[in-house]
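Following: one structure in structure tokens, then a few remarks.
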Amino acid sequence: MKGICGKLLEIDLTSGKTKTLPVKKEHYEKYLGGRGLGIRLLYDMLPPKTDPLSPENLLFFLTGPLTGTYVTGSSKFVVVTKSPLTQGWCDSYSSGRISVELKKAGYDGLVIRGKSNQPCYLRMDGKGVEIRDAHFLWGKDSFETERMLREMEKDPNVGVSSIGPAGEKLVKIACINSDLYRQAGRGGVGAVMGSKNLKAIVVKGNKSVETFDRQAIVDLNRKNYQVALKSPVAQARMKFGTPLTLNVTHVGGILPTMNFRFGTWEKALEKIDSVGVYKSLKSHKACLSCFIHCSLVTEVSEGKYKGITLEGPEYETLGMFGSNQLIDCLPVIMQANILCDKLGIDTISAGNIIAFVMECFERELISSSQTEGLEIRFGDADASLAAVERMAMRQGFGDVLAEGVKSVAHYVGNGSERFAMHVKGLEFPAYEPRGAFGSGLSYAVSPRGACHRRAWPPAKEVLGGYPPYTIEGKAAMIKELYDENCVLHSLLVCDMPAKFIPMSLDVYSQYYHGASGESVSKEDFLKIADRIETLIRMFNNREGFTRKDDTLPYRTLNEPLPDGPAKGQSIGEENLNKMIDEYYALRGWDVSGTPTEATLRRHQL
Amino acid sequence: MSLEPQPKQPSEGINSEVREEKYIPPMTIIINVFGTEFSLKQPITLDLESPTLRDVLAALQRHHEGAWRSILKEDLSLQEGCVVLVNGRNIASLEKLETKIRDGDEITFTVLVAGG
């Protein structure tokens with residue numbers, strides 16, 4: 001089988017020993033790579049009930065069978081671990097040169113266990129891996145860390161992933177940064193890396209990735225590039241990037257506003273939407289191995305934050321730091337974005353947590369005497385930025401914020417959990433589910449918590465023909481979206497080109513054949529995805545999750561949305577339960593969410 | 001036969017009356033276009049009575065210029081990968097081209113954005 005290396009590198013930071021971990025061919029056939037391989041290995045290798053921040057937790061950096069093969073959108077990797085934020089399954093995705101370099105170094109990924117007795121970083125090349133002292137990097141932000149490591153390597157093509165101070169301080173929304181502006185953001189993977197005293201990973205490969213039919217891949221890229229040139233969707237994406245999504249979510253009434261109280265915000269328009277971001281545009285950029293340049297490089301041209309430049313801000317950050325906090329100043333959002341990236345925290349979770357505290361202040365459930373004088377109110381940009389810093393550095397009240405919105409609600413009490421917007425402890429991303437009931441189901445049953453990467457229901461419920469405020473057919477819709485993304489995240493390609501070029505799973509079947517030589521049909525891919533999602537369910541069940549965890553906040557279930565097209569809508573507990581029943585049945589799980597014996601046999605689990 | 005205009009003859013019959021042309025007040029709709037061409041909240045005034053979306057699109061094609069021409073084709077179909085929303089709802093989940101349009105309604109032509 002081509003396109004894979006057939007092995008991982010296992011590094012024990014406690015003993016300092018490394019070894020090669022062969023991966024069975026059967027695992028690639030049954031789980032592909034990326035997410036699929038991740039759950040197979042985590043399920044097999046991690047002892048149940050392991051403390052996520054203990055040395056025993058495992059931290060995987062995994063590629064997929066298409067990584068390093070020139071397939072468009074294939075410079076992705078996934079970090080798989082047990083989440084310190086949710087105590088459950090975590091898969092966190094990122095672009096980054098490190099993905100390709102890992103394959104070129106001869107490995108499909110890394111598995112890191114144990115804990116170094118002092119700050120360290122890993123340096124890996126075609127000859128082997130070294131665990132190096134990282135005292136000189138400890139405390140540095142992730143941009144400075146990456147810059148210093150790249151200077152030492154004297155090679156711009158080296159892959160570097162690192163954590164900022166937040167990861168070192170075990171902030172539970174800490175991310176892992178790569179190529180400066182790319183983050184494996186969700187679920188606190190940066191805290192797991194920090195818990196191992198591991199500051200960074202540097203990889204430089206020296207081999208080429210063997211493929212079954214390289215020319216076939218090149219030909220497919222050429223063909224799909226021509227499709228993209230004619231696709232108005234791809235062209236719009238390359239011009240405006242993800243900020244165009246904000247205009248759509250506002251019109252559709254699912255733009256989170258004031259901590260998910262409202263679904264539209266007129267003041268966002270022409271300030272923090274595609275128009276606003278486009279005014280700050282300096283250039284477009286593509287990820288490595290992708291012919292779609294959908295990343296926007298922007299710069300603040302005047303005012304207090306003049307000179308700030310970054311890749312982004314992306315829609316999620318605009319939503320969570322903009323409308324959700326009533327901040328309509330783009331430079332402030334860009335500053336928040338940069339601060340989060342440098343200090344190493346997830347902009348989605350950070351924005352969500354701050355908006356929650358803003359509502360607590362508004363309702364007088366918390367006072368500045370509990371927050372070391374920091375009053376965080378809707379629309380207060382300075383307070384929001386101060387909260388980011390304190391959260392990332394665990395300073396004062398920031399130590400409470402660093403635990404995630406579920407914990408902050410527990411700290412505040414007084415019924416505040418009713419508007420703490422999370423599932424299983426993972427904060428909502430920037431889509432209001434009351435305006436698209438399928439989003440509610442998607443958040444509720446997601447094994448990593450409220451997640452926008454397992455499925456993107458607005459494609460069906462706002463832009464597609466599915467009635468948004470009903471439950472009929474939503475379970476099947478979500479399963480279909482989940483399974484498609486599961487295939488893409490196991491092959492480990494960016495799921496964006498698939499949607500906006502567009503490229504169907506049949507196309508990826510051709511790419512997969514070109515890379516591996518294996519013939520797997522779209523239908524077989526979807527069966528594999530069903531198996532993967534079931535095994536992830538089994539992992540979470542083993543960790544103590546039950547159907548009770550597949551739920552939504554009180555606000556989403558019971559408070560009618562007061563504005564926009566979905567005015568008057570709330571999902572309701574009964575509706576959610578019906579959708580969950582149907583979803584479980586489609587997966588072959590019983591009413592408690594446990595896979596049945598027949599399902600286990602069908603999946604050979 | 002005289003070519004001069006003839007005076008209107010009163011209709012015959014007890015219930016007949018001289019009908020006046022009914023006045024149709026203009027309606028204003030709001031148009032958004034989210035694609036490579038972009039426009040936001042463009043007001044368009046139309047002289048249409050209880051129109052359907054089909055009537056509105058036809059009127060836009062006949063009488064008005066705008067960024068929607070990058071998405072709306074001559075035959076009122078849309079470019080591939082594009083949809084029309086009425087007040088934030090895809091018309092496929094409403095009455096499609098027969099969806100009734102009212103004064104103040106917001107019509108959005110958009111590409112199928114994906115993700116964020």
Side-chain angles (χ1 to χ4, degrees), chain A residues 230-240 242-254 263-264 266 269-270 273-275 278 314-319 429-431 435 452-453 456 458-470 495-502 564-566, chain B residues 29-44 53-54 56 66-116:
Chain A
K230 291 176 189 153
S231 160
V233 190
Q235 294 301 311
R237 180 55 167 257
M238 286 193 274
K239 183 172 180 181
F240 289 116
T242 59
L244 193 57
T245 297
L246 193 144
N247 294 95
V248 172
T249 55
H250 168 75
V251 163
I254 60 166
T264 66
E266 291 287 326
L269 302 180
E270 298 186 304
D273 63 350
S274 57
V275 179
Y278 197 72
E314 304 291 353
Y315 166 73
E316 298 295 336
T317 310
L318 294 165
Y431 308 95
H452 66 297
R453 298 303 302 278
W456 203 72
K460 302 284 188 187
E461 295 181 291
V462 175
L463 297 168
Y466 281 76
Y469 323 128
T470 62
D495 53 270
M496 291 294 106
K499 294 174 177 64
F500 60 68
I501 288 177
Chain B
I29 57 169
I30 308 297
I31 304 279
N32 298 312
V33 181
F34 304 154
T36 47
E37 299 289 315
F38 186 97
S39 75
L40 200 58
K41 293 195 179 291
Q42 182 183 354
I44 299 282
L53 179 63
R54 185 191 304 279
V56 169
W68 60 78
R69 289 190 183 277
S70 63
I71 289 179
L72 183 65
K73 295 188 200 170
E74 287 283 329
D75 63 358
L76 305 188
S77 66
L78 304 173
Q79 297 287 348
E80 197 172 339
C82 301
V83 293
V84 179
L85 313 179
V86 173
N87 297 327
R89 292 276 302 271
N90 186 318
I91 58 167
S93 72
L94 300 170
E95 302 298 320
K96 303 188 175 66
L97 285 174
E98 305 313 314
T99 303
K100 289 286 182 193
I101 304 298
R102 295 176 178 80
D103 187 42
D105 278 354
E106 191 170 21
I107 297 176
T108 300
F109 298 87
T110 179
V111 297
L112 295 169
V113 300

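First the proteins, then the strands, lettered A, B, ... as listed; each starts at 1.
In plain terms, the two heavy atoms of A/V275 and B/F38 that are nearest each other are CG2-CE2, 3.2 Å. Of all heavy-atom pairs between B/T36 and A/K239, the closest is O-NZ, 2.8 Å. For the residue pair B/L85 and A/V462, the shortest heavy atom distance occurs at CD2-O, 3.4 Å. Here the closest non-hydrogen pair linking B/C82 and A/P232 is SG-CG, 4.0 Å. Closest approach of B/K41 to A/L269, counting heavy atoms only: CE-CD1, 3.6 Å. In terms of heavy-atom proximity, A/A236 sits nearest to B/G35 at CB-C, 3.9 Å.
The candidate with the highest count of non-hydrogen atom pairs below 4.5 Å against chain B, out of A/K230, A/E266, A/R453, A/E461, is A/E266. Among the candidates A/F240, A/Y466, A/Y431, the residue making the largest number of heavy-atom pairs closer than 4.5 Å to chain B is A/F240. Most heavy-atom pairs under 4.5 Å with chain B: of the set A/H452, A/M496, A/M238, this distinction falls to A/M496. The residue among B/G115, B/S70, B/A92 with the most heavy atom pairs within less than 4.5 Å of chain A is B/G115.
Residue-level contacts of residues 74-81 of chain B with chain A, in order of numbering, are B/Q79, B/E80, B/G81; threshold 4.5 Å between heavy atoms.
Not counting sequence neighbours, the partners of A/Y469 by the side chain to side chain contact (heavy atoms under 4.5 Å, CB included) test are A/F437, A/P565, A/A566, A/Q569, B/R89.
There is no contact between A/Y278 and chain B, counting heavy-atom distances below 4.5 Å. Contact of A/D495 with chain B is not made at all, since no heavy-atom distance falls under 4.5 Å.
Atoms OG1 and CG, from B/T110 and A/N247 in turn, are 8.5 Å apart once rounded to the nearest 0.5 Å. Atoms CG and NZ, from B/L112 and A/K499 in turn, are 12.5 Å apart once rounded to the nearest 0.5 Å.
Side-chain atoms of B/F34 and A/S274, non-hydrogen and from C-beta on, never get closer than 4.5 Å to each other.
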